Amino acid sequence: MFKDSFQNVPLYQRIYTVVRHIPPGQVATYGQVARIVGRCTARVVGYAMAVLPCDTDVPWHRVINGQGRISLRTSGNGSTEERRLLETEGVCFNHQGRVDFNEVGWFRQ
DNA sequence: CGGCTGACTCTGG
DNA sequence: TCCAGAGCCAGCC
């Protein structure tokens, strides 16, 4: 699907494009994004997020790990900031700090 | 060209 | 349910 849109575009650009397609109030996992982009794994998606500039228009906060939790690089915290951004968009967290994929999942199956 | 690193995921204990 | 180890691919020395 998305693969047809970009063919000779850098891999990072593909990942960013897919992430931009995530509607507000919904989230996707690294694995799902990797599957949509194809030809890359969840690790690559995570690395693509890691190199994102601060002034990017990519809603990187809508990308979380497969366990429904927010993952940030080893730099430390910021996940709290993350959670607040998502809650602003209407994403609900349970008492364990996880999101409910049945409610906000983008490409669930 | 080769090795190291990383915002992950899966499996087993 | 939580923790540890192995596999994975692209980018950057």
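Per chain, numbering begins at 1; letters A, B, ... match sequence-line order. Quick caveat: nothing in here was measured; it's all calculated off a predicted structure. Only this structure's heavy atoms are used, side chains among them; waters, hydrogens and symmetry mates stay out.
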A:His95 NE2 to C:dT1 P, in whole Å, measures 10 Å

List the protein contact pattern of nucleotides 3-13 of chain C with one symbol per nucleotide (5' to 3'): B for base contact, S for sugar-phosphate-only contact, - for none; contact means a heavy-atom distance under 4.0 Å. ----BBBSS--

Write down the distance between CD (A:Gln67) and C1' (B:dT11), rounded to a whole number of angstrom. 12 Å

Can you sort out the partners of A:Thr88 under side-chain contact (heavy atoms from CB on, under 4.5 Å), two or more places apart, ordered by chain and number? none

Spacing of A:Tyr30 atom OH relative to B:dG6 atom C1', expressed in whole Å: 11 Å

From B:dA7, B:dT9, C:dC2, nucleotide with atom closest to A:Asn65 side chain: B:dT9

To the nearest Å, how far apart are A:Asn94 CG and C:dT1 P? 11 Å

Quick one: list whatever passes side-chain hydrogen bond (donor to acceptor under 3.5 Å, both in side chains) with A:Glu89, sequence neighbours left out. A:His61, A:Arg62

Atom-to-atom span, CD of A:Gln96 to C1' of C:dT1 - whole angstrom: 9 Å

Within the structure provided, determine whether A:Ile15 and A:Met49 are in side-chain contact (heavy-atom separation under 4.5 Å). yes

Note: A:Glu87-A:Arg84 ion pair, threshold 4.0 Å (strictly below): no

Suppose we screen for salt bridge (Lys or Arg N to Asp or Glu O under 4.0 Å). Which residues come up paired with A:Asp57, at least two apart in sequence or across chains? A:Arg20

Any idea which heavy atoms bring A:Phe101 and A:Ile64 closest together, and the distance? CZ-CD1, 3.8 Å

Dot-bracket for DNA chain C, 5' to 3', counting Watson-Crick or G-U wobble pairs under 3.5 Å, with [ ] for crossing pairs and | for inter-strand pairs? .||||||.|||||

Please find the pair of heavy atoms, one from A:Cys40 and one from A:Ala34, that lie closest to each other, and give the distance. O-CB, 3.4 Å

Between side-chain atoms of residues 90-97 of chain A and protein atoms elsewhere (two or more places apart, or another chain), which donor-acceptor pairs fall under 3.5 Å?
from    : atom 1 : to      : atom 2 : distance (Å)
A:Asn94 : OD1    : A:Gln96 : N      : 3.0
A:Asn94 : OD1    : A:Gly97 : N      : 3.1
A:Asn94 : OD1    : A:Arg98 : N      : 2.8

NA contact type, A:Arg62, heavy-atom cut-off 4.0 Å: base, sugar-phosphate, or nothing? nothing

